[in-house]
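This one's a predicted model, so the numbers in the text were calculated from it and none came from an experiment. Order of the sequence lines fixes the chain letters, A, B, ..., with proteins taken first and strands second; residue numbering starts at 1 for each chain. The figures that follow rest on heavy atoms only: side chains count, while hydrogens, waters and symmetry mates do not.
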Protein chains: 2
Amino acid sequence: MRLTTKGRYAVTAMLDLTIHCDDKPVSLAEISQRQSISLSYLEQLFSKLRQSELVTSVRGPGGGYHLGRASENIFIAEIIDAVNESVDTTNCQGKGDCQGGEICLTHSLWDQLSHEIHNFLNAISLADLVARRDVKSIAQRQVEQLLILNESPQAGAC
Amino acid sequence: MRLTTKGRYAVTAMLDLTIHCDDKPVSLAEISQRQSISLSYLEQLFSKLRQSELVTSVRGPGGGYHLGRASENIFIAEIIDAVNESVDTTNCQGKGDCQGGEICLTHSLWDQLSHEIHNFLNAISLADLVARRDVKSIAQRQVEQLLILNESPQAGAC
DNA sequence: ACTTACTTGACTAAAATAGTCGGGTATTGG
DNA sequence: CCAATACCCGACTATTTTAGTCAAGTAAGT
Ligand code: FES
Ligand code: FES
């Protein structure tokens, strides 16, 4: 199993996308600034997210990304799968052949754990996360910090 | 989070230790053969397991390792912790400071997932695993395969 | 003594991660 | 048309981690 910054960044970026504006597309440059993620790295991640149809893109000036579906129907497990190849903890990808073609002693344990993790992450949607109190306040902070940083005159909220 | 062969090997080896003989210590050479794990690598892992007092060692000929406690009181999470540095999935080791000293958008999600995984693995003891039907039959198979391989005359079961 | 088997530390090859870089291409506003 | 914006794509790289080897011990039994 791998759960590293790649998957964390993907979920963070998708959540940022969910929070900011449903009418106008959100550019990667914005996400990069708000979430402190390298723009080039985001491009790499969004390439995969688009292939998995979790987002749709709009090219050209004023372009960016939209969610591919309603935030209620996008689950965290799908996002991680899209960039991270799954949350499988077995050594054999569930095939049960890691000891020279035979099943190993601990296969059933890892298989069970994998299901546990998958069920947990598949029960949480982006909409669920947005509704959390802590997420709301952190998002608020991030927007404020960015306004101070840019000292831009336009204070229009989303 | 890391859950790779290192942690899997450690749990597998500990389970092998639990299954085979509670009176005589079990040598790493035996475990190496039964579980197809490199002897040198096992030495590395058991060094850490001993430091965490999950096993005790007996030196000299006929030596090997014993469980440090009753198998009912050794939980999978402890074994993974001992070799693997924890099953934490946050980027900040729970400190909540991964975005330049401030908490990031998804911290609470990873924190919750970490607890979920830890609770799952901390609720399963070595004794629980030994009692599983599939574990019993796989252990049986491993012993038989080894007897055929060695063509050793002593057929005395544990 | 001699052998077995644990103990320790340093070393290494291979893989994965976490990016960067340099070019594209589509779209829009002037 | 032209230039700017922003997505798109593939190749490249430094660093870290994993998975494992190797060598030189030390302790204990026969
Ligand atoms: S992990 Fe599936 S057979 Fe070993
Ligand atoms: S993961 Fe803990 S603050 Fe980001």
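For the residue pair Ser125(B) / Asp128(B), a side-chain donor-acceptor distance below 3.5 Å is found, with atom types taken as modelled. A side-chain donor from one of Glu144(A) and Gln140(A) sits under 3.5 Å from a side-chain acceptor of the other. At a cut-off of 3.5 Å, with distance as the only test, a side-chain donor of Asp88(B) or Ser114(B) sits close to an acceptor on the other residue.
Panel note: side chain Gln99(B), backbone Arg34(A); a donor-acceptor pair is recorded below 3.5 Å.
Between the CG atom of Leu42(A) and the P atom of dA6(D) there is a distance of 14 Å, given to the nearest Å. Rounded to whole Å, atom P of dT17(D) lies 16 Å from atom CG of Leu3(A). Protein atom NZ of Lys6(B) is 18 Å distant from nucleotide atom P of dA15(C), rounded to whole Å. Across the protein-nucleic acid pair, Leu45(B) atom CG and dC6(C) atom C1' stand 14 Å apart, rounded to whole Å. dA19(D) atom C1' lies 15 Å from atom CG of Leu39(B), rounded to whole Å. For the pair Leu49(A) CG and dC9(D) C1', the interatomic distance rounds to 15 Å; values are reported in whole Å. Between Ile37(B) atom CD1 and dT18(D) atom P the separation is 16 Å, expressed in whole Å. The separation between Glu43(B) atom CD and dA24(D) atom P is 15 Å, rounded to whole Å.
Taking only distance into account, the side chain of Gln44(B) never meets the base of dT7(C) through a donor-acceptor pair shorter than 3.5 Å.
Residue contacts shown for Tyr65(B) are limited to sugar-phosphate atoms, with no base heavy atom under 4.0 Å away.
Between Arg50(B) and the phosphate of dC6(C), there is no side-chain N or O to OP1/OP2 separation shorter than 4.0 Å. Of the side-chain N and O atoms in Ser47(A), none sit less than 4.0 angstrom from OP1 or OP2 of dC8(D). The side chain of Ser57(A) contributes an N or O atom lying less than 4.0 Å from OP1 or OP2 of dC8(D). Taking only side-chain nitrogens and oxygens, Thr4(B) never comes nearer than 4.0 Å to OP1 or OP2 of dT17(D).
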Stepwise side-chain contact (heavy atoms from CB on, under 4.5 Å) check, Asn91(A) with Trp110(A): CA-CA 8 Å; Asn91(A) 193 25; Trp110(A) 311 123; over 6 Å; no

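Here the straight-line distance linking atom CD of Gln44(B) with atom OG of Ser38(B) works out to 8.5 Å at 0.5 Å rounding.
With dG20(D), dA19(D), dC6(C) as the choices, the nucleotide that has an atom nearest any side-chain atom of Leu28(B) turns out to be dC6(C). Here the nucleotide nearest the side chain of Ser40(A), chosen from dT21(D), dC21(C), dT17(C), is dC21(C). Side-chain proximity of Tyr41(B) to dG19(C), dT21(D), dA6(D): nearest is dT21(D). Of the listed nucleotides (dG20(D), dC8(D), dG19(C)), dG20(D) has the atom at the smallest distance from the side chain of Ser38(B).
Using a 30° and 60° split on the angle between ring planes, Phe46(A) and Tyr65(A) fall in the tilted class, from 30° to 60°.
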Atom pairs, protein N/O to nucleotides 26-29 of chain C N/O, distance under 3.5 Å:
| unit_1 | atom_1 | unit_2 | atom_2 | d |
| --- | --- | --- | --- | --- |
| dA26(C) | O4' | Arg59(A) | NE | 3.4 |

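Leu129(B) is connected to Ile103(A) through a chain of hydrophobic side-chain contacts under 4.5 Å among Ile, Leu, Val, Met, Phe, Trp and Tyr, so both are in one cluster.
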